[in-house]
Amino acid sequence: MGSGIFFFVVGPSGSGKDTLIEGAKAALGPTGRYVFARRSITRPADAGGEAHEALSVDQFAAVRDAGGFLVHWQAHGLSYGLRASLLDDMKAGRHVIANGSRAMVADLATRVPHLVVVEVTAPEAVLAERLAGRGREGAENIAARLERKVPPLPAGVSSISVANDSTPRAGIERFVAALEAQTARLRLVRMPIETGRRNVAFLARGCTVVAAPDYLGPGRVDLAGEGKSIRAEIALVADSLLPADAVGLSQESFDALGLPEGAELVLTRTPVPESRAALRRKIRGEALDEPAYRQVVGDIVEGRYPDSEVAGFLVAADRGLSDDEVLALTKVRASFANRIVWDEPMVVDKHSMGGIPGSRITMIVVPIIAAHGLAIPKTSSRAITSAAGTADAMETLARVDLDAAEVRRTVEKARGCIAWNGRLSHSALDDVMNAITRPLGLDSNRWSVASILSKKLAAGSTHVVIDLPFGARARVKGEAEAREMARLFEQVGAGLGMTVEAIPTDGSLPIGRGIGPALEVRDVLWVLEGHPEAPPDLREKALFFASRILAWDPAVGPANARARAEQLLASGAARAALERIAEAQGRWGEPVRPARLTRTILAGGTGRVTDIDGFAIAGIARLAGAPLDKGAGIDLKAQSGDLVRPGDPLFVIHASSAADLDAAVQHVAAFTGFTLDGEERIVAR
Ligand SMILES: Nc1ncnc2c1ncn2[C@@H]1O[C@H](COP(=O)(O)OP(=O)(O)O)[C@@H](O)[C@H]1O
Ligand SMILES: O=P(O)(O)OC[C@H]1O[C@H](OP(=O)(O)OP(=O)(O)O)[C@H](O)[C@@H]1O
């Protein structure tokens with residue numbers, strides 16, 4: 001155990017040394033790690049203030065001459081002394097806190113192994129007032145004290161300054177934090193424990209550096225050393241698992257900190273988040289303004305809140321956001337992402353609220369727009385619950401895991417890209433929020449508007465068209481709900497200085513015939529190549545959205561947009577643009593094609609197809625292996641409205657393994673997703 005630190009607390013009379021020391025004694029005395037020196041003073045015991053050892057002049061001299069003082073001095077017509085026994089306390093590893101004279105620092109530095117001078121400061125203007133308020137000295141004595149001049153601190157002495165210019169409480173907190181920052185030094189140990197996203201620091205229950213049980217609970221601590229720091233929650237371990245002067249970090253936390261084992265870390269409590277009042281107002285259902293959101297989100301990103309309080313905030317925000325709050329939250333969220341700046345008059349983008357199988361219009365719209373010449377740096381997601389995301393589909397042709405520089409280079413070469421959003425417009429804030437909102441299913445429409453537009457803002461988009469499918473199985477159920485969400489998208493977009501057009505669309509049925517990455521790309525290429533089997537619904541929806549974007553180009557305008565989109569498609573210019581994009585992103589040698597193992601599912605009766613359940617179809621496609629198996633999926637043979645008879649094909653399942661094919665076929669026996677004439681027909685194999 002190293003020597004304890006000698007804290008020599010100095011500062012002009014009235015700066016508040018005694019006040020801060022008394023406060024620290026109340027906070028830290030019970031830890032047993034500190035000794036608060038009792039000074040020997042030739043001042044009457046009942047003079048008030050500190051509980052000093054009152055000695056007569058002769059008594060003081062006797063102790064001094066017998067070598068009983070570690071250090072002694074004269075000031076204000078008094079004799080002050082600190083007992084030599086304090087050295088024993090330091091040898092035992094305890095830290096000493098003593099009120100001392102600035103004139104004695106140099107001398108003391110030669111007598112104690114580890115000296116830290118704590119300078120308590122306060123504005124000159126308040127010293128006289130405080131001393132008068134203390135009422136211990138007369139006017140003359142006070143004047144003399146205020147006049148007292150002392151030498152500057154000698155060089156080479158470690159010193160810290162504590163401003164006691166606010167309330168006594170604040171002064172005491174700063175003083176305690178300053179002491180803890182010096183004394184709570186622990187040796188770093190890497191624990192063979194994994195804690196995932198959470199940063200966890202371990203202390204032995206009998207830790208001799210800090211009172212470990214005091215650190216349990218929702219708060220966080222900061223561990224700092226060698227210019228690096230990490231914020232973590234505390235867990236305790238049995239004394240047999242960790243040395244009493246060590247702090248253990250879980251493997252992820254140890255790696256995140258990046259310091260070697262044995263490094264000395266200072267442990268301090270994470271300050272109480274300044275934004276807590278705002279967070280609690282939101283939890284009570286009040287509205288917050290942009291500065292308040294910036295403060296709360298900033299503290300959340302800094303890890304100042306335990307997950308329980310973050311969850312409370314996110315639940316409240318997900319449930320109640322006014323239009324102004326959605327705008328405020330959008331701006332704040334975007335400010336935590338890396339903002340991409342383009343040297344373009346317009347940067348266009350599209351977004352779909354998703355959830356409708358097929359509907360891979362992005363891979364048609366982006367090439368049309370790129371062929372026209374507008375910059376369209378599209379980033380897309382991978383499937384979360386569906387059979388394919390646009391990133392999965394595009395990945396059958398080329399790389400999609402582009403970083404920001406590669407996105408920029410691709411757009412320079414091909415005017416567009418279809419990349420995986422991955423980490424591009426991701427921010428530390430997303431990690432924290434997604435870890436809570438996803439498991440809790442927090443994703444209200446208003447919250448989504450803020451989330452989606454914040455990513456578009458960060459991506460540098462100036463114009464965004466939004467596809468808002470609604471329907472019984474879509475994310476947005478009713479048309480009225482879709483229209484309200486569309487209004488909010490456009491209003492918040494305008495507030496961001498973006499042009500946003502949000503369009504409700506029919507989300508009741510799958511779009512196109514292929515469900516699954518390679519099968520959807522087959523549809524896309526059929527549309528781009530004008531193939532006779534190109535699904536008309538997919539072609540139409542793609543042309544519709546492409547023309548909405550082209551209408552924004554002053555050189556085209558709304559009147560000519562549709563014709564321009566059709567011309568770019570019919571001429572093969574869009575097809576060529578997709579080739580250029582794939583080339584620029586890193587085309588695969590061979591594209592992934594639909595898997596070769598197939599099973600055709602036939603109608604089991606006669607009737608008109610009145611419904612195709614996209615969820616069920618996507619579920620069968622996933623059982624067949626999509627999206628990880630890019631060739632797996634469903635190829636729809638019958639469309640809504642078709643009249644089918646027993647033995648007519650409804651759809652074909654594609655899979656790469658017999659096991660996957662069987663799993664999908666087994667499931668079909670239960671429910672195909674097809675409804676004929678309003679009632680489900682069990683199908684033939
Ligand atoms: N932050 C503060 N705000 C207002 N008064 C204070 C503050 N800190 C100390 N005081 C008061 O000022 C006077 C001087 O404080 P004290 O701790 O005795 O100073 P010192 O020991 O440095 O001479 C006391 O009456 C104390 O209660
Ligand atoms: O040399 P300086 O740094 O000016 O210090 C002069 C004296 O004031 C301080 O005592 P104390 O704070 O008890 O004096 P006070 O409380 O009576 O102001 C310090 O312990 C010295 O004894």
Side-chain angles (χ1 to χ4, degrees), residues 6-27 36-55 57 60 63-64 69-83 86 96-109 111-112 115-154 157 159-179:
F6 193 99
F7 290 99
F8 205 42
V9 184
V10 301
S13 278
S15 55
K17 300 182 293 299
D18 280 339
T19 303
L20 302 192
I21 289 171
E22 283 311 304
K25 195 172 188 177
F36 290 84
R38 186 176 181 223
R39 297 197 296 180
S40 308
I41 307 176
T42 53
R43 177 158 61 197
D46 59 359
E50 68 185 276
H52 61 283
E53 180 191 22
L55 296 178
V57 173
F60 191 93
V63 174
R64 181 195 60 210
F69 289 132
L70 168 64
V71 68
H72 58 84
W73 63 93
Q74 303 293 320
H76 316 317
L78 299 165
S79 299
Y80 296 82
L82 294 170
R83 290 286 183 166
L86 292 171
V96 172
I97 314 290
N99 181 332
S101 163
R102 290 161 290 183
M104 298 307 293
V105 171
D107 178 42
L108 192 59
R111 302 170 187 275
V112 297
L115 172 66
V116 172
V117 174
V118 183
E119 290 190 278
V120 178
T121 63
E124 289 271 330
V126 304
L127 293 179
E129 178 191 325
R130 284 185 186 174
L131 288 174
R134 178 165 79 179
R136 197 166 74 202
E137 291 82 17
E140 209 174 296
N141 187 304
I142 288 175
R145 285 164 176 264
L146 295 176
E147 285 307 307
R148 182 174 164 82
K149 297 290 174 256
V150 289
L153 290 185
V157 171
S159 71
I160 49 181
S161 177
V162 175
N164 182 26
D165 55 0
S166 170
T167 62
R169 176 86 238 134
I172 291 167
E173 279 178 1
R174 291 174 193 163
F175 184 63
V176 169
L179 296 176

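The residues of the chain are indexed from 1 along the displayed sequence. Start at 1 and go down the list; that is how both ligands and their atoms are numbered.
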For ligand 2, the portion of [X] having any non-hydrogen atom under 4.0 Å away:
X: Asp18; value: side chain
X: Lys17; value: side chain
X: Arg43; value: side chain
X: Val150; value: side chain
X: Met104; value: neither

Could you tell me, atom by atom, which parts of ligand 1 come under 4.0 Å of a heavy atom of [X]?
X: Asn164; answer: 1 (N), 2 (C), 7 (C), 8 (N), 9 (C)
X: Ser13; answer: 23 (O)
X: Pro168; answer: 1 (N), 2 (C), 3 (N), 7 (C)
X: Pro12; answer: 22 (O)

Rounded to the nearest 0.5 Å, what's the gap from [atom1] on [X] to [atom2] on [Y]? Could you check?
X: Arg102; Y: Arg148; atom1: CZ; atom2: CZ; result: 7.0 Å
X: Glu129; Y: Ile142; atom1: CD; atom2: CD1; result: 11.5 Å
X: Ile97; Y: Phe36; atom1: CD1; atom2: CZ; result: 5.0 Å
X: Thr42; Y: Glu53; atom1: OG1; atom2: CD; result: 11.5 Å
X: Leu127; Y: Ser13; atom1: CG; atom2: OG; result: 8.5 Å

Checklist entry - Relative to atom 5 (N) of ligand 1, which among His76, Arg136, Arg130 owns the nearest non-hydrogen atom? => result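 Among His76, Arg136, Arg130, the closest heavy atom to atom 5 (N) of ligand 1 belongs to Arg130.
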Item to check | Pick from Arg39, Arg102, His52: the one approaching atom 4 (O) of ligand 2 most closely through a non-hydrogen atom | outcome: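 It is Arg102 whose heavy atom sits nearest to atom 4 (O) of ligand 2.
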Checklist entry - Parallel under 30°, tilted from 30 to 60°, perpendicular over 60°: which one fits the rings of His76 and Tyr80? => result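 Geometry flag for Tyr80 against His76: perpendicular rings.
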Contacting atoms of ligand 2, where contact means under 4.0 angstrom from a heavy atom of [X]:
X: Asn99; result: 9 (C), 10 (O), 12 (O), 13 (O), 19 (C), 20 (O)
X: Ser13; result: 14 (O), 15 (P), 18 (O)
X: Arg145; result: 14 (O), 15 (P), 17 (O), 18 (O)
X: Trp73; result: 20 (O), 21 (C), 22 (O)
X: Glu50; result: 13 (O)

Checklist entry - For Phe6 and Leu108, what are the C-alpha separation, side-chain angles and deciding distance, and is it a side-chain contact (heavy atoms from CB on, under 4.5 Å)? => result CA-CA 9 Å; Phe6 193 99; Leu108 192 59; 3.4 Å; yes
Protein heavy atom at shortest distance from [atom]:
atom: atom 17 (O) of ligand 1; value: Thr19 OG1, 2.6 Å
atom: atom 19 (C) of ligand 2; value: Gly100 O, 3.2 Å
atom: atom 18 (O) of ligand 1; value: Arg134 NH1, 2.8 Å
atom: atom 19 (O) of ligand 1; value: Gly16 N, 3.1 Å
atom: atom 5 (O) of ligand 2; value: Ser101 CA, 3.8 Å
atom: atom 8 (O) of ligand 2; value: His76 NE2, 3.1 Å
atom: atom 16 (O) of ligand 2; value: Arg136 NH2, 2.9 Å

Distance-only N or O hit between ligand 1 and [X], under 3.5 Å:
X: Gly14; value: yes
X: Asp18; value: yes
X: Gly133; value: no

Item to check | Any Arg134 heavy atom less than 4.0 Å to ligand 2 | outcome: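 Arg134 counts as a contact of ligand 2 under the 4.0 Å cut-off.
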In this structure, does ligand 1 have an atom that sits under 4.0 Å from one of the heavy atoms of [X]?
X: Ser166; result: yes
X: Gly11; result: no
X: Ala170; result: no
X: Gly171; result: no

Is a side-chain N or O of [X] found less than 3.5 angstrom from the main chain of [Y], in a donor-acceptor match?
X: Lys17; Y: Val120; answer: no
X: Arg174; Y: Ala163; answer: yes
X: Asn164; Y: Ser15; answer: yes

Next on the checklist: If the threshold is 4.0 Å, N to carboxylate O, is there a salt bridge linking Asp18 and Lys25?
Outcome noted: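 No, no charged N to carboxylate O under 4.0 Å.
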Item to check | Thr167 and ligand 1 - part of the residue with a heavy-atom distance under 4.0 Å | outcome: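 Backbone only.
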Check whether any side-chain heavy atom of [X] sits under 4.5 Å from a side-chain heavy atom of [Y], and report yes or no.
X: Ile41; Y: Leu55; value: no
X: Phe8; Y: Val96; value: no
X: Leu20; Y: Val176; value: no

Next on the checklist: Looking at every heavy atom in both Val126 and Ala122, which two are closest together, and how far apart are they?
Outcome noted: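 Nearest pair, atom of Val126 first, then Ala122: CG2-CB, 4.1 Å.
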Checklist entry - If you look at every heavy atom in Leu153 and Ser159, which pair is closest and at what distance? => result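 Minimum heavy-atom separation between Leu153 and Ser159: CD1-CB, 3.9 Å.
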Checklist entry - With a 3.5 Å cut-off and no angle check, do the side chains of Ser79 and Gln74 form a donor-acceptor pair? => result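 Indeed, the side chains of Ser79 and Gln74 share at least one donor-acceptor pair under 3.5 Å.
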Next on the checklist: Checking side-chain hydrogen bond (donor to acceptor under 3.5 Å, both in side chains) between Arg39 and each of His52, His72, Glu50, which is the one that passes?
Outcome noted: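 For Arg39, the side-chain hydrogen bond (donor to acceptor under 3.5 Å, both in side chains) check succeeds only for Glu50.
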